[in-house]
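One structure is given below, encoded as structure tokens.
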Amino acid sequence: MADSENPLPASETPVAPESQASSVEKPVSPAGSSPPVPSSSAMGDTQHKLLAALKATDYNIERLNKLLSTSYGQERAFAATGYLTHALHHLITSAPWIAAQARLGLLARLNNRTKATGEATTPASSRLLALSALMSETRYTLRLLDLIPLWSWGSATLKSPPSDPVIRNLTLAQVAVNMIYQFLENVGYLASKGIISKKWIDRYGGIDKWYLWSIRAWFGHIFFQFFVLWRQAFLRRQKIAKDPARAQTKEGQEELKAEVRAWKKSLVNNVCWAPLCLHWSVEKGVGIPGSLSGVISFMAGAWGFYDLWAATGKS
């Protein structure tokens, strides 16, 4: 039956199995079979992915460069880094996180996945806190020059005051308390670095007292900002009531949408900073845990930082 299913041609001479196998098989190298050579299509796909990754990296670095090209963008980047690292420090030192880490470590030891080492390592939490402190100190240093733009803000307000008298007076009050805040902070910071005599500072309450009153002046800005936001909302409703037809046009709707968005962003920022600033303005605080200050501070500026980053993607 086998011969009938696979007949050989009459002119072909049968070959022994041994000799037939040796004529078609390649000799095997003592080192084993050689690895397969990648096909041209696979290499092309890899190169395409690598090129796409390089383009994406270049695009994001260009956006980061735009963000950091201004002093405000640099300050915001330092602030976001400082707030996030502060929040992460307190997260990984919290009781739930430590308990989870302990359970994972126990499971790893049971599975023989870890080996005890005698090398002492710096905890990641302390490195995060050190980075947060560095970002904070860097921002203190950058703010040493902030009295100049604050002066320009006040000068511009006096030269081209807002049309609404309430907004004008509130803005001038904010300029005043911000200059007081910045002056007191600068003196306290320079004294802490030994640039200004601490003996002179101690005559007027000491460094901590200067910092305390600087934060109280900053809280004055936040306090006035709530009235600014209230007045802006009132004027916006009044404007719509006077010209409802414009509010129905596409241009009017886009203008109103942008105005409301900016107003909401300012409100979120103020609502987040108000309790923190009040807490820091009181010597014993008002009960806000220090572990939450980084999270709340980041929330205050998250919307603004998102807008800054989004603006770098626009050509």
Side-chain angles (χ1 to χ4, degrees), residues 72 75-76 79 83 139 143 146-186 188 209-244 246-247 252-288 292-293 295-308:
Y72 180 72
E75 198 277 336
R76 289 293 84 199
Y83 297 149
R139 294 177 62 222
R143 286 200 298 268
D146 274 4
L147 282 173
I148 297 173
L150 285 172
W151 179 280
S152 297
W153 180 25
S155 176
T157 303
L158 290 173
K159 293 175 182 177
S160 302
S163 57
D164 181 67
V166 177
I167 296 290
R168 180 176 65 250
N169 293 332
L170 287 170
T171 303
L172 290 174
Q174 286 182 310
V175 171
V177 294
N178 270 283
M179 293 192 73
I180 294 171
Y181 148 70
Q182 197 57 66
F183 172 76
L184 294 175
E185 182 187 85
N186 287 355
K209 208 72 173 181
W210 283 70
Y211 278 142
L212 181 65
W213 279 101
S214 72
I215 294 175
R216 287 171 178 172
W218 179 26
F219 183 69
H221 165 83
I222 294 172
F223 177 77
F224 289 133
Q225 184 64 17
F226 279 117
F227 288 98
V228 171
L229 292 169
W230 163 77
R231 186 63 178 176
Q232 287 175 344
F234 173 79
L235 293 175
R236 183 169 58 251
R237 290 193 298 267
Q238 194 177 61
K239 180 180 176 181
I240 295 173
K242 286 182 178 179
D243 192 3
R246 175 173 172 75
Q253 288 178 351
E254 290 179 355
E255 181 182 340
L256 179 62
K257 183 178 179 181
E259 187 178 336
V260 170
R261 188 180 188 277
W263 184 88
K264 288 181 178 179
K265 182 168 65 173
S266 180
L267 178 64
V268 169
N269 179 275
N270 224 49
V271 167
C272 290
W273 279 125
L276 264 185
C277 216
L278 178 62
H279 174 71
W280 292 330
S281 297
V282 180
E283 292 189 12
K284 294 183 180 180
V286 294
I288 297 178
L292 294 180
S293 62
V295 177
I296 299 174
S297 300
F298 179 77
M299 289 170 56
W303 195 342
F305 189 80
Y306 170 82
D307 284 350
L308 276 178

Inset, instruction - Show the numbers, then the answer: is there a side chain to side chain contact (heavy atoms under 4.5 Å, CB included) between Glu283 and Lys209? - result: CA-CA 9 Å; Glu283 292 189 12; Lys209 208 72 173 181; 2.8 Å; yes
Legend entry - Step-by-step salt bridge (Lys or Arg N to Asp or Glu O under 4.0 Å) determination, Glu259 to Lys264: CA-CA 9 Å; Glu259 187 178 336; Lys264 288 181 178 179; over 6 Å; no
Inset, instruction - Go through the steps to decide whether His221 and Tyr181 satisfy the test side chain to side chain contact (heavy atoms under 4.5 Å, CB included), and finish with yes or no. - result: CA-CA 9 Å; His221 165 83; Tyr181 148 70; over 6 Å; no
Inset, instruction - Check the pair Thr157, Leu172 against side chain to side chain contact (heavy atoms under 4.5 Å, CB included), reporting the backbone distance first and the verdict last. - result: CA-CA 7 Å; Thr157 303; Leu172 290 174; 3.7 Å; yes
Legend entry - Check against salt bridge (Lys or Arg N to Asp or Glu O under 4.0 Å), Asp307 and Arg261: CA-CA 11 Å; Asp307 284 350; Arg261 188 180 188 277; 2.7 Å; yes
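The backbone N or O of Pro165 lies less than 3.5 Å from a partner atom in the side chain of Asn169, making a donor-acceptor pair. No donor-acceptor distance shorter than 3.5 angstrom exists from the side chain of Ser155 to the backbone of Ser152, with no hydrogens or angles considered. One N or O on the side chain of Ser297 and one on the backbone of Ser293 form a donor-acceptor pair closer than 3.5 Å. Looking at Gln182, its side chain does come within 3.5 Å of a backbone N or O of Arg143 through a donor-acceptor pair.
Annotation for Phe227: atom CZ does not count as buried by contact number, only 12 or fewer foreign heavy atoms lying within 6.0 Å. Around CZ of Phe226, the count of heavy atoms belonging to other residues, nucleotides or ligands within 6.0 Å exceeds 12.
Distance check, rounded to the nearest 0.5 Å: CD1 of Ile215 to OG of Ser281 gives 6.0 Å. Atom CZ of Arg231 is separated from atom OG1 of Thr171 by 12.0 Å, given to the nearest 0.5 angstrom. Cys272 contributes atom SG, which lies 9.0 Å from atom CG of Leu267 (distance to the nearest 0.5 angstrom). A distance of 8.5 Å separates CG of Asp146 from CD of Glu185, quoted to the nearest 0.5 Å. Note that CG of Leu276 and CD1 of Ile222 are 8.5 Å apart. Values are rounded to the nearest 0.5 Å. Rounding to the nearest 0.5 Å places CG of Leu229 at 6.0 Å from CG of Asn270.
Two residues are said to be in side-chain contact when any heavy atoms from C-beta on lie closer than 4.5 Å; Val260 and Lys257 fail this criterion. Within the 4.5 Å cutoff, side-chain heavy atoms of Trp218 are placed close to those of Trp273. The shortest distance between side-chain heavy atoms of Lys242 and Arg237 does not fall below 4.5 Å. Counting only heavy atoms from C-beta outward, the side chains of Trp263 and Arg236 approach each other to under 4.5 Å. Inter-residue side-chain proximity for Lys239 and Asp243 is flagged as unmet; no heavy-atom pair is nearer than 4.5 Å. Looking at Trp213 and Ile180, their side chains never come closer than 4.5 Å, going by heavy atoms from C-beta outward. Using a 4.5 Å heavy-atom cutoff, the side chains of Leu212 and Arg216 are in contact. Side chains of Val286 and Ile288 form a contact here, defined as non-hydrogen atoms less than 4.5 Å apart.
Between Gln174 and Val177, the closest heavy-atom pair is O-CG2, 3.3 Å. Closest non-hydrogen pair, Asn269 versus Ala300, comes out as ND2-O, 2.9 Å. Here the shortest heavy-atom pairing between Ile167 and Val228 reads CD1-O, 3.9 Å. Closest of all the heavy-atom pairs between Gln225 and Ser266 is NE2-OG, 3.0 Å.
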